[in-house]
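Below: one structure, written as structure tokens.
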Amino acid sequence: MDSMIENAGAAPVPGRKKRSDGLLRKMAKRYDLYLMLLPPLAFYLIFHYGPLYGLQIAFKNFNPAKGIIGSPWEGFGHFERFFNSYYFWRLLWNTVSINLFSLLIAFPVPILLALLVNEIKSRAYSKWLQNITYIPHFISVVVIVGILNVFLSPKTGPINQLIEAFGGTPINFLQEAAWFKPIFIGSNIWQSMGWQSIIYIAALSGVNPQLYEAAKMDGASRLRRIWHVSLPGIMPVIVILLILDIGHFMNIGFEKILLMQNNLNLESSDVISTFVYTTGILKGEYSYTAAIGLFNSVINLMLLLLVNRFARKTSETSLW
């Protein structure tokens with residue numbers, strides 16, 4: 001009797017086998033679509049998951065001559081060195097403050113721009129506004145920093161000439177630490193707001209027009225229709241993009257900061273990403289900066305998990 005029960009428990013489930021066979025047949029039928037997944041899948045495996053093997057150098061004294069396996073273990077020594085360093089709090093504050101202000105100020109701007117474009121009745125003016133706001137996205141970071149140097153020059157820049165015309169004294173914007181963050185965040189908004197608004201404009205186009213008509217018949221003003229129809233219609237998109245932004249909260253594109261950085265504004269411009277580049281790449285302290293990068297990534301992962309869980313509980317919209 002026991003052997004019969006064991007054999008019955010080991011028998012394959014017919015329904016499960018049929019489902020797996022059906023899935024394989026569907027995949028074989030549309031093999032061309034699955035082949036299209038191979039390039040992005042290979043990209044992530046090679047350039048995102050493959051390098052995870054090298055994270056162990058954060059716990060070693062890496063010597064290129066000995067390789068990763070042959071290098072001696074250090075443990076958490078590099079982390080302790082970073083946490084006890086005099087520049088730790090400056091790097092952490094600059095990184096957090098730039099990202100926090102960007103999230104509070106820059107994140108809503110594309111949403112407002114999309115709402116504005118959606119409310120414009122003239123199609124020609126709407127297309128003109130979109131084209132004007134899209135163009136800065138395609139300008140190189142090097143060119144953007146060059147434009148900032150020209151416009152904010154204390155001698156020949158039009159901004160300082162305007163200040164002098166009103167009786168003020170010229171300001172060396174790019175040399176003063178107090179002006180670095182406003183200029184960096186403001187130029188990022190100007191460069192990216194049009195491009196980032198595309199997804200919100202697309203989401204607004206999917207809102208049922210009958211909802212606007214019903215709200216209008218009920219006497220709702222334009223602002224009321226935006227608040228009660230447009231924003232709830234794109235709220236899932238807003239939540240998803242907010243989660244994705246917070247998922248790389250501690251990451252700042254160091255190229256622009258590095259180009260704007262100098263010894264006079266270093267107090268405000270020195271962030272974790274630029275420190276990892278100057279110390280790890282230029283000075284060759286690979287293990288030390290790998291530990292700093294791992295610390296940065298762990299914070300991003302924790303924030304992503306917390307925000308995704310909070311969003312799932314409050315709005316029922318999340319990444320997973």
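Only heavy atoms go into these numbers, but all of them, side chains included; no hydrogens, no water, no symmetry mates. Heads up: numbering here begins at 1 and tracks the sequence.
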Notebook entry, point to check: So, the side chain of Thr274 versus the backbone of Val271: is there a donor-acceptor pair under 3.5 Å, distance only?
Noted result: yes
Check: What residues form a side chain to side chain contact (heavy atoms under 4.5 Å, CB included) with Asn84, not counting sequence neighbours?
Finding: Glu80
Next item on the list: Under the ring-ring contact (aromatic ring centres under 6.0 Å, His included) rule, collect the residues that match up with Trp93, sequence neighbours excluded.
Entry: none
Next item on the list: To the nearest 0.5 Å, tell me how far Gln210 CD sits from Met217 CE.
Entry: 11.5 Å
Next item on the list: Identify whether Phe43 and Leu41 are in the same connected component of the hydrophobic contact network (ILVMFWY, side-chain heavy atoms under 4.5 Å).
Entry: yes
Throw together a table of side-chain donor-acceptor distances under 3.5 angstrom for residues 130-141, partners on residues two or more places apart or in other chains.
residue: Gln130; atom: OE1; partner: Tyr134; partner atom: OH; Å: 2.9
residue: Gln130; atom: NE2; partner: Ser126; partner atom: OG; Å: 3.2
residue: Asn131; atom: ND2; partner: Lys127; partner atom: O; Å: 3.2
residue: Thr133; atom: OG1; partner: Leu129; partner atom: O; Å: 3.0
residue: Thr133; atom: OG1; partner: Gln130; partner atom: O; Å: 3.0
residue: Ser140; atom: OG; partner: Val142; partner atom: N; Å: 3.3

Notebook entry, point to check: So which heavy atom on Phe79 is nearest to which on Ala291, and how close?
Noted result: CE2-O, 3.3 Å
Checklist line | Minimum side-chain heavy-atom gap Leu305-Asn308 below 4.5 Å | finding: no
Notebook entry, point to check: Among all residues two or more places apart in sequence or in another chain, which pass the ring-ring contact (aromatic ring centres under 6.0 Å, His included) test with Phe83?
Noted result: Phe88, Phe295
Item checked: Student check: side-chain heavy atoms of Gln175 and Pro154 closer than 4.5 Å -> no
Next item on the list: Heavy atoms only: give me the nearest Thr156-Gln161 pair and the separation to one decimal.
Entry: O-NE2, 3.4 Å
Note to self: Would the distance check show the side chain of Ser97 and the main-chain N or O of Asn94 forming a donor-acceptor pair, the cut-off being under 3.5 Å?
What the structure shows: yes
Next item on the list: Kindly indicate whether the side chain of Glu164, heavy atoms from C-beta on, has any atom under 4.5 Å from the side chain of Thr169.
Entry: no
Taking only distance into account, with no hydrogens and no angle test, what donor-acceptor pairs under 3.5 Å do side-chain atoms of residues 112-122 form with protein atoms, sequence neighbours excluded?
residue: Glu119; atom: OE1; partner: Arg222; partner atom: NE; Å: 3.4
residue: Ser122; atom: OG; partner: Tyr125; partner atom: N; Å: 3.4

Margin query: Does any part of the side chain of Ile198, heavy atoms only, come nearer than 4.5 Å to the side chain of Ile201, both counted from C-beta?
Written below: no
Item checked: Closest non-hydrogen atom pair, Ser287 against His78 -> CB-NE2, 3.4 Å
Check: For the atom pair OH (Tyr286) and CG (Asn63), what is the distance rounded to the nearest 0.5 Å?
Finding: 10.5 Å
Check: Sequence neighbours excluded, which residues qualify as side chain to side chain contact (heavy atoms under 4.5 Å, CB included) partners of Glu176?
Finding: Ile171, Trp179
Check: For Ala214, what residues pass the side chain to side chain contact (heavy atoms under 4.5 Å, CB included) criterion, not counting sequence neighbours?
Finding: none
Next item on the list: Decide whether Met302 and Phe310 are clustered together by the hydrophobic rule: side chain heavy atoms of Ile, Leu, Val, Met, Phe, Trp, Tyr closer than 4.5 Å, transitively.
Entry: no
Check: Is any side-chain heavy atom of Asp270 less than 4.5 Å from a side-chain heavy atom of Leu91?
Finding: yes
Checklist line | Contacts of Phe254 that satisfy ring-ring contact (aromatic ring centres under 6.0 Å, His included) - sequence neighbours left out | finding: Tyr277
Margin query: Is the ring pair Phe184/Phe180 parallel, tilted or perpendicular, if the boundaries are 30 and 60 degrees?
Written below: parallel
Next item on the list: For residues Tyr87 and Phe82, determine if any side-chain heavy atom of one lies less than 4.5 Å from a side-chain heavy atom of the other.
Entry: yes
Notebook entry, point to check: If you group Ile, Leu, Val, Met, Phe, Trp and Tyr by side-chain heavy-atom gaps below 4.5 Å, do Ile292 and Phe62 land in one group?
Noted result: no
Margin query: For a 4.5 angstrom cut-off between non-hydrogen side-chain atoms, does Ser71 reach Asn61?
Written below: no
Notebook entry, point to check: Can you tell me how far the CG atom of Leu306 sits from the CG atom of Leu301, to the nearest 0.5 Å?
Noted result: 9.5 Å
Enumerate donor-acceptor pairs with a distance under 3.5 Å from any side-chain N or O in residues 44-60 to protein atoms, sequence neighbours excluded.
residue: Gln56; atom: NE2; partner: Tyr53; partner atom: O; Å: 3.1
residue: Lys60; atom: NZ; partner: Ile68; partner atom: O; Å: 2.6
residue: Lys60; atom: NZ; partner: Ile69; partner atom: O; Å: 3.4

Checklist line | Backbone of Leu174 reached by a side-chain donor or acceptor of Asn262 within 3.5 Å | finding: yes
Notebook entry, point to check: Looking at CD1 of Ile147 and CG of Leu152, how far apart are the two atoms once the value is rounded to the nearest 0.5 Å?
Noted result: 11.0 Å
Notebook entry, point to check: Are Tyr288 and Tyr86 in one and the same hydrophobic cluster, where Ile, Leu, Val, Met, Phe, Trp and Tyr link if side-chain heavy atoms are under 4.5 Å apart?
Noted result: yes
Notebook entry, point to check: How many angstroms lie between atom CD of Glu255 and atom OG of Ser273, to the nearest 0.5 angstrom?
Noted result: 8.5 Å
Margin query: For residues 136-150, which residue pairs pass the salt bridge (Lys or Arg N to Asp or Glu O under 4.0 Å) check, not counting sequence neighbours?
Written below: none
Margin query: Return the CD to CD1 distance between Gln261 and Ile257, rounded to the nearest 0.5 Å.
Written below: 7.5 Å
Without placing hydrogens or testing angles, list every side-chain donor-acceptor pair under 3.5 Å for residues 225-247, not counting sequence neighbours.
residue: Arg225; atom: NH1; partner: Ala220; partner atom: O; Å: 3.0
residue: His228; atom: NE2; partner: Arg224; partner atom: NH1; Å: 3.4
residue: Ser230; atom: OG; partner: Tyr212; partner atom: OH; Å: 2.7

Margin query: Counting C-beta onward and ignoring hydrogens, is there a side-chain heavy-atom pair between Arg81 and Glu74 closer than 4.5 Å?
Written below: no
Taking only distance into account, with no hydrogens and no angle test, what donor-acceptor pairs under 3.5 Å do side-chain atoms of residues 99-108 form with protein atoms, sequence neighbours excluded?
residue: Asn99; atom: ND2; partner: Thr95; partner atom: O; Å: 2.8
residue: Asn99; atom: ND2; partner: Phe249; partner atom: O; Å: 2.6
residue: Ser102; atom: OG; partner: Ile98; partner atom: O; Å: 2.7

